[in-house]
Number of protein chains: 2
Amino acid sequence: MRFETSTIKDIAKALGLSTSTVSRALRDRYEISEETKKLVLAYAEKVNYRANPIARSLKERRSYSIGIIVSEIANNFFSQVINGIESIAYDRGYHVIITQTHESHKQEKLNVEHLASRSIDGLLIALSSETQDINYLRDLYAKGLPIVFFDRVPEDFETHKVIANNFKGAFDATEHLILSGKKTIAHLTNSENLSITKERLKGYQAALAKYHIEFKPELVKYCQHGGMHNAELETAVQELIPHKPDGIFISSDRLTTGCIMALKKTNPEIAHRIAIAGFTNSNLVELFSPSLTSVKQPAFEMGQVATELLISMIEAKRPVTEFETKILNTELVRMQKALGNRFL
Amino acid sequence: MRFETSTIKDIAKALGLSTSTVSRALRDRYEISEETKKLVLAYAEKVNYRANPIARSLKERRSYSIGIIVSEIANNFFSQVINGIESIAYDRGYHVIITQTHESHKQEKLNVEHLASRSIDGLLIALSSETQDINYLRDLYAKGLPIVFFDRVPEDFETHKVIANNFKGAFDATEHLILSGKKTIAHLTNSENLSITKERLKGYQAALAKYHIEFKPELVKYCQHGGMHNAELETAVQELIPHKPDGIFISSDRLTTGCIMALKKTNPEIAHRIAIAGFTNSNLVELFSPSLTSVKQPAFEMGQVATELLISMIEAKRPVTEFETKILNTELVRMQKALGNRFL
DNA sequence: AAAAACTGTGCAAACGTTCCCAAAAACGTC
DNA sequence: GACGTTTTTGGGAACGTTTGCACAGTTTTT
């Protein structure tokens, strides 16, 4: 049970033309007489002709589709990035295939392979927190698959990248905690593999340094799986508590919400006495209790920029050799001492 | 700059066989000698052969792709449904193309057309809150495109549907409010067009009736755009306040969070005195203040069931004429009188 | 007035598969 | 060893496009 549409052949037959002429009229290519073009266009309109993208793809050896790899779409940061990607992609005639790693390296690799076998024209990827080995990406890239990284980018991979100003975002958040009088500021963060982890750690350290606060490694907890497992988060929080932090700077969306959740669950008595500043693009922060200061990334814009770069690579006539790393500014949204959090 | 892979032809040439033989060996079809099959398979493995899905699609006149239409992916309910869809689809060899309506009928139509022109094999759709006219879907369906509705389904459309037990979910939530002593229970809900709106209204009414509470139409507020615009929500809340509700039953994810947000913004003094029970699949409810009672839908399962039904339609030998409407149970998660909400 | 250049069109091949049909090979039977 | 039957293989068309090339018709150049 398949549904049929009219093809170029049908139009050609109906109009007594050849398929080539019809094709040319439709694509507005080459020199073709105004007259025939109008004729064809009118008839195509009438029968509601839609070019078969599959045939076109086969012929042109490209699919007009872009693969996307994120940790999970149920994460405001990533869903906003995706919205940005789509806003550009659809305009330029591409559709997108979204896949999720759930922070698993294995899944990431599987997804990339799936996408590659679907003959995508290009790939937009934010690495999973588990990922260390990206040789499989290098192989594909070497074979000619355009790749643009965003958010979580590898260090030694020559291609376009789009990231937030993680250093500054982390610095601002930490400084904010310091300026609100916090003395013992912990740092809960993602897997050490990730670029964002490193950059945000540096921003945290720089803020401490600026105010002459000693950096204590025991105040930094890493979550290898990016907080995908509750146990992971709860352990991290448990290990932090004995050091009596009065502030925590958290480095990702998932971790931020997860950490508050864990705090409330395991240490409800102090949950409201620890100030929290964290990276998150959740649009529900205003509802959270305890409330928090958040670092928002320009997610939508990040998606747009990454997509533009990717499409420029896909459509480049000659291999691209000049690459850029775009750095977008974050925004610090200070905690609101709202009614719901009087006792803070 | 395109990247090349080996094709069936290459294999045939290298092995001195015909393409038909290679194809048969690869697809394990027909009768083919064990020997040649092994030979081909081994060689294919060696050169890492991947069948070109585009060529296959062209030949078989199907794309092995499923279109999905939801309001927005940045909504836990829908992102969970999508996860459910993917879990089945990928296993069965389909990939999915996700599109968002942002509750706009125009966008919905645009998306459907886009997907249809991408020659999807089937469509999974939850209608936008604005949608009233679904004739364009009927046309496609009549032409042979399999469609399965989930969550927001039309009344008069003969096909498979998967929904939650909206009546019971609404009844339970409302009853919960009543049993916690609330007397004036308002109902904030979605556009009147939607099936879920009607069913949940009925559940709300039934619960009131059971406890002999008079149903007052002025306590019901509809949001035509499903709460996509803040103004819409704030107006609705403003109109509700004069009736002094001590409880509100809210009928969707977006509205639930939006309503709390609006309450906190415009009427902070009473925000914590109004008990809230609402449909939401947010995994962050535990963080919300004021806290609330939530009705959770089996979103993941809904995605799975819908996909199974859709694939069964796609792969059916003869046109399907027997349709089912699967109804899945919701779960009531009672408000936790947690630390963060002492003053409730 | 013939040669050259340009226009608009059609023919046919190609993209990588699948699959019908027929041919070839292998086997069994008398 | 001739014949029929079964198994295995190859040829080639088809899916719906795009596009290089050729060719006819028209216009320009010399």
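This is a predicted model, so every value here is computed, not measured. Residue numbers begin at 1 in each chain, while the letters A, B, ... track the order of the sequences.
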Separation of C/dG16 atom C1' from B/Glu60 atom CD, nearest Å, is 12 Å

Atom CG of B/Leu58 and atom C1' of D/dA13 are separated, to the nearest Å, by 13 Å

By side-chain hydrogen bond (donor to acceptor under 3.5 Å, both in side chains), A/Ser33 pairs with (sequence neighbours left out) A/Thr36

inquiry  = Testing the 3.5 Å rule here: is there a donor-acceptor pair between the side chains of A/Ser128 and A/Glu103?
reply    = no

Separation of D/dA14 atom P from B/Ile8 atom CD1, nearest Å, is 19 Å

Side chain to side chain contact (heavy atoms under 4.5 Å, CB included) filter on B/Ser104, not counting sequence neighbours, yields B/Lys106, B/Gln107, B/Glu130

Rounded to whole Å, the CD-P distance (A/Glu34 to C/dG8) equals 9 Å

task = Answer yes if the side chains of A/Gln100 and B/Asn83 hold a donor-acceptor pair under 3.5 Å, and no otherwise.
result = yes

| Do A/Asp121 and A/Arg61 meet the salt-bridge criterion of a basic N to acidic O distance under 4.0 Å? | no

Ring pair (Phe, Tyr, Trp, His ring centres under 6.0 Å) pairs touching residues 101-134 of chain B, sequence neighbours excluded, are A/Tyr90-B/His114, B/His105-B/Tyr136

Between CZ of A/Arg56 and C1' of D/dG16 the distance, given in whole Å, is 12 Å

If each end axis of the helix from C/dA1-D/dT30 to C/dC30-D/dG1 is fitted on five C1' pair positions, the angle between them, to 10 degrees, is 60°

In whole angstroms, the gap separating P of D/dC15 from CZ of B/Arg61 amounts to 7 Å

What N/O pairs connect the protein and nucleotides 10-14 of chain C at under 3.5 Å? Give each pair on its own line.
unit_1	atom_1	unit_2	atom_2	d
C/dG10	OP2	A/Ser18	N	2.9
C/dG10	OP2	A/Ser18	OG	3.2
C/dG10	OP2	A/Thr21	OG1	2.5
C/dG10	N7	A/Arg24	NH2	3.0
C/dG10	O6	A/Arg24	NH2	2.9
C/dC11	N4	A/Ser20	OG	2.7
C/dA14	N3	A/Lys59	NZ	2.7

Item checked: Flag for B/Ser87-B/Gln304: side-chain donor and acceptor within less than 3.5 Å -> yes

Whole-Å distance, A/Leu15 CG to C/dT9 P, equals 11 Å

Is there a donor in the side chain of B/Asn52 and an acceptor in the side chain of B/Arg50, or the other way round, less than 3.5 Å apart?
no

_Mind checking if A/Thr36 touches a base, just sugar-phosphate, or nothing, with heavy atoms under 4.0 Å?_
sugar-phosphate

Between the protein and nucleotides 5-7 of chain D, which nitrogen or oxygen pairs are less than 3.5 angstrom apart?
none

| field | Pair B/Asp156 + B/Arg138, salt bridge at N-O below 4.0 Å | value | yes

Check: Between A/Glu60 and A/Tyr64, do the side chains contain an N or O donor and an N or O acceptor separated by less than 3.5 Å?
Finding: yes

**Prompt:** Does the pair A/Leu137 and A/Phe157 meet the rule for a side chain to side chain contact (heavy atoms under 4.5 Å, CB included), with working shown?
**Reply:** CA-CA 10 Å; A/Leu137 285 173; A/Phe157 200 119; 4.0 Å; yes

Taken to the nearest whole Å, CD/A/Glu35 to P/C/dT9 is 8 Å

Closest of C/dT18, D/dG16, D/dT17 to the A/Tyr49 side chain is D/dT17

